[in-house]
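Since the structure comes first, as C-alpha cells, the remarks are kept for the end.
Keep in mind that this is a model prediction, so the values were computed, not measured. The figures that follow rest on heavy atoms only: side chains count, while hydrogens, waters and symmetry mates do not.
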Amino acid sequence: MGKHLVQTSRRKFIGHVGAAGAATIAAGVIGIEPLFGTGGSEVQAAPAAGSNQRANDCAKLRRDSAQTGLQATPQNMQHPANGDEDLYPNKIASYSKGLPHNADGTVVLSAYAAMLKALNSGSNDDFNAIPLGGDRRLTNPQSGLAFDMEGADSHALLQPPAPTFSSREQAAEISENYWMALLRDVPFAEYSSSTLASVAAADLTLWGFDFKGAKDGGVVTPETLFRGLTPGDKKGPYLSQFFYQPCNFGANKVEQKITTAGLGINYMTDFNTWLAVQRGVNQGPQSFDPVMRYMRAGRDIGQWVHIDVLFQAYFQAFLVLAGAGAPFDDGNPYVNNPTQDGFGTFGGPHIATVLCEVATRALKAVWFQKWFVHRRLRPEVHAARVDRTLYHGAGYPVHADILNSLSTVARLGGYMPSGNALLPMAFPEGSPTHPAYGAGHATVAGACVTILKAWFKESTKLVDVGLVPTQPTDDGSSRVPYTGADAGELTVGGELNKIASNVALGRNTAGVHWRSDGTESLKLGEQVAIGILKDQRACYNETFGGFSLTKFDGTLVTV
C-alpha cells in the first residue's frame with residue numbers, strides 16, 4: 001500500500017507544476033551532450049541578436065517532451081510484487097539486511113515496520129529514524145523517489161514480479177547460486193573437462209522449465225553453464241572480449257589484468273557470522289591475490305563487480321571499439337558525410353558522455369523497484385532459510401526439491417560442509433544493504449550496452465577491425481588466442497550483449513544476486529536507455545532517421 005502513496009504524491013507534484021513546469025524541470029541535462037537528432041527537428045539556426053526565438057523553441061521542445069512522457073505513463077499505474085511480504089508475517093521472504101535481527105535470523109518486526117513507514121511516507125525524518133542492527137547503513141532508499149530530467153520517469157517503468165519464496169523457480173535459482181559458489185575457482189575454459197561442472201549442469205537440467213538459464217536443446221551443459229540468455233552469450237569464451245582486449249584511455253595504456261581475490265577463501269560459512277552480517281556488523285578483512293591476473297574464473301569476475309566503477313565495463317568496451325576504428329551505425333548522419341565529422345554531436349565526445357549519463361538514471365529506476373515495490377531477499381538469506389529448515393527444524397516453506405538437491409550436493413566428495421547449507425560468499429560483508437530485485441549492476445549494464453549498440457554497427461565482426469579473440473591461460477597470467485570454431489564469428493553486438501550478462505551474472509557468482517534479478521534488470525536498463533534516446537533525438541539539427549539496435553530479446557528497433 002505504501003508504494004502507491006508515494007506514487008500518488010509524485011503525481012500530485014507533477015499536477016501542481018503543470019506540463020510546462022514539468023518540462024522545464026526535465027530539461028536541465030538535455031542539450032549538454034546531445035545524442036540523437038531527427039529529420040523532423042524544429043531546431044533553428046542561430047537567431048539574430050536580441051531575439052527570443054531560440055529560447056522559445058527550447059522551451060517548446062522541453063514542454064513537448066514532458067507532455068509526451070506524461071501521456072505515455074498510464075494513470076493509477078500499479079507495480080506488481082510477488083506477494084511474499086504480505087504472505088509471511090515474520091518477513092522471512094523479504095529484504096531486511098542491516099536491521100536488528102532475532103537470534104533465529106528473522107528480522108525484528110518493529111524495525112521492519114519503521115522501514116516500511118519511511119518508504120510509505122517518503123519523510124526524511126522517518127528514514128533517519130529506521131533502527132539499525134550494526135555499523136552498516138541502508139543504501140540510498142530515497143534514490144527511488146528522485147525525479148529525473150530526461151527519459152521516462154523511474155516510476156513509469158515496470159518489472160514483473162520476482163519468483164516467490166516457496167516456488168520451484170526460486171529453488172532452481174538458489175541451486176544455481178550454490179553451484180556458482182562451488183565452481184568459483186574452476187577456470188571457465190576447464191568447464192568442459194570438469195567433473196564438478198558436469199555434475200552442476202546435470203543437476204540444473206533436472207529443474208527443467210523452472211531453471212531459466214542457458215541450455216542447449218533443453219539441457220544445461222558445461223559449455224552453457226552460468227551463461228546469459230542474450231544473442232551472442234553462447235559464442236566464444238565465457239567472458240566478453242571487452243574484458244581482455246587492451247585499450248587506450250587518452251594517452252594511458254589500459255591493460256586488463258586485475259587485482260583479484262585469493263583462491264579458495266569464502267565467507268559467511270557459519271551461522272553466527274551470517275547473523276552478524278544480517279544485523280549490519282562490519283566484517284573483514286578480505287584476502288587478495290598478490291599477483292595481477294586476467295579474469296579466468298568466477299572468483300575473478302565476482303571481485304571485478306565488487307568494486308567496479310558504475311559504467312566501467314562499457315566505457316572500456318567503448319575505448320576498445322573506438323581504438324579499433326569500429327564502424328558507427330549506418331544511421332549516424334556523419335557516416336559518409338562529404339564535408340563534416342561528428343564531435344559534440346554524433347562523435348566520440350558525444351558517445352563517451354551519454355554512455356555515462358544513462359548510468360545514474362538506470363540506478364534511480366531500479367532503486368524504485370528495489371525499495372518501493374519488491375523488497376526481495378538476497379540469496380544469502382534464502383540459503384540460510386534452507387539451512388535452518390534442512391538441518392535445524394525451522395520448517396520454513398522453501399521448496400522441497402531444494403532440500404533433496406542439497407542432500408545430493410552435500411555428498412559430492414565434501415564439496416559442501418557437512419550439515420551446512422549456507423551459501424559460501426565471495427565477500428566478507430556478503431550482499432550490499434539494499435534489496436535484491438532488480439539488480440543495480442544489471443540495470444546499468446542494460447542501459448549502457450543499449451547506448452553502445454545504438455552507436456556502433458552491431459554486425460561488425462571483431463576480426464574485421466583487427467580485434468583477434470583471446471582468452472586467458474588457466475592461471476590468468478597471460479592471454480592466448482581463442483581458437484574455437486566460432487572465433488571468426490564474434491561480433492560487436494554479441495560481445496556487448498555478453499559483457500552485460502557477464503556483469504549481471506558475476507554478481508550471482510559472488511552470491512549477492514539471483515538469475516532473475518539480472519535477466520529482468522537488463523531489460524529495465526534497456527527501457528531507460530531507449531527513453532533517453534527518444535527524448536534526445538528531437539534536439540539535433542542534423543538530418544537523422546534514427547539508430548537501429550537489437551534488443552536483448554533479439555528484436556530490432558529503430559530509435
Side-chain angles (χ1 to χ4, degrees), residues 22-38 41 43 58 61-62 65-66 68-69 140 143-144 146-157 242 249-250 308-322 328-329 331-332 342-368 438-456 496 499-500 503 521-542 544 546-547 549 559:
T24 303
I25 291 170
V29 179
I30 296 177
I32 294 174
E33 289 293 346
L35 181 58
F36 290 91
T38 175
S41 171
V43 175
C58 182
L61 180 70
R62 295 176 178 184
S65 177
T68 298
N140 198 201
S143 176
F147 287 97
D148 227 322
M149 294 196 176
E150 62 179 336
D153 180 61
S154 63
H155 291 208
L157 302 174
F242 299 126
F249 185 27
D308 58 308
V309 178
L310 187 59
F311 47 78
Q312 181 178 344
Y314 327 106
F315 199 85
Q316 287 177 186
F318 160 67
L319 293 176
V320 170
L321 291 171
F328 286 165
D329 182 270
N332 188 306
F343 194 69
T345 57
F346 300 99
H350 180 180
I351 179 59
T353 301
V354 76
L355 175 64
C356 308
E357 181 184 344
V358 299
T360 57
R361 288 160 175 77
L363 282 187
K364 292 170 189 173
V366 73
W367 247 245
F368 169 67
H441 273 77
T443 309
V444 171
C448 291
V449 162
T450 297
I451 297 297
L452 290 171
K453 289 192 294 184
W455 199 266
F456 289 98
L496 287 174
I499 200 169
V503 170
S521 297
L522 290 177
K523 300 173 189 175
L524 179 65
E526 184 177 71
Q527 291 182 72
V528 170
I530 288 174
I532 290 171
L533 298 185
K534 286 180 178 178
D535 272 5
Q536 293 190 348
R537 178 172 170 171
C539 296
Y540 305 103
N541 191 62
E542 292 90 344
F544 176 55
F547 284 151
L549 65 97
V559 182

Subject >> side chain to side chain contact (heavy atoms under 4.5 Å, CB included) between T360 and L310, intermediate numbers included >> reply: CA-CA 8 Å; T360 57; L310 187 59; 4.3 Å; yes
Nearest-0.5 Å distance that lies between atom [atom1] in [X] and atom [atom2] in [Y]:
| X | Y | atom1 | atom2 | value |
| --- | --- | --- | --- | --- |
| H441 | D308 | NE2 | CG | 3.5 Å |
| F315 | I351 | CZ | CD1 | 9.5 Å |
| I532 | D148 | CD1 | CG | 7.0 Å |
| D153 | F368 | CG | CZ | 8.5 Å |
| Y314 | L355 | OH | CG | 9.5 Å |
| L496 | C448 | CG | SG | 11.0 Å |

Provide the closest heavy-atom pair for [X] versus [Y] in the form atom of the first, atom of the second, distance.
| X | Y | value |
| --- | --- | --- |
| L522 | A442 | CD2-O, 3.3 Å |
| A500 | V449 | CB-CG2, 3.8 Å |
| D329 | G546 | OD1-O, 4.5 Å |
| A317 | L452 | CB-CD1, 4.2 Å |
| S521 | A439 | OG-N, 2.8 Å |
| R537 | V559 | NH1-C, 3.4 Å |

**OP:** Can you sort out the partners of F242 under ring-ring contact (aromatic ring centres under 6.0 Å, His included), two or more places apart, ordered by chain and number?
**Re:** none
Original post:
Can you list the residues that meet the ring-ring contact (aromatic ring centres under 6.0 Å, His included) rule with F311, with sequence neighbours excluded?
Top reply: none
Original post:
Partners of N332 by side-chain contact (heavy atoms from CB on, under 4.5 Å), sequence neighbours excluded?
Top reply: F328, Y334, V335, F346, W455, F547
Original post:
With A529, which residues qualify under side-chain contact (heavy atoms from CB on, under 4.5 Å), at least two apart?
Top reply: A447, T450, I451
Original post:
Could you walk me through whether Q536 and V354 pass the side chain to side chain contact (heavy atoms under 4.5 Å, CB included) check?
Top reply: CA-CA 10 Å; Q536 293 190 348; V354 76; 3.7 Å; yes
**OP:** Name all residues meeting the side chain to side chain donor-acceptor pair (under 3.5 Å) criterion together with Q316; count only those two or more places apart in sequence or in a different chain, and write none if there are none.
**Re:** Q256, Q312
Original post:
Do any pairs count as a salt bridge (charged side-chain N to carboxylate O under 4.0 Å, His left out) and have a residue in residues 522-533, sequence neighbours left out, and if so which ones?
Top reply: E520-K523
**OP:** Examine distances only and state if a side-chain atom of H155 and a backbone atom of F147 form a donor-acceptor pair shorter than 3.5 Å.
**Re:** no
Subject >> Residue of the set V366, V444, V528 for which side chain to side chain contact (heavy atoms under 4.5 Å, CB included) holds with R361 >> reply: V528
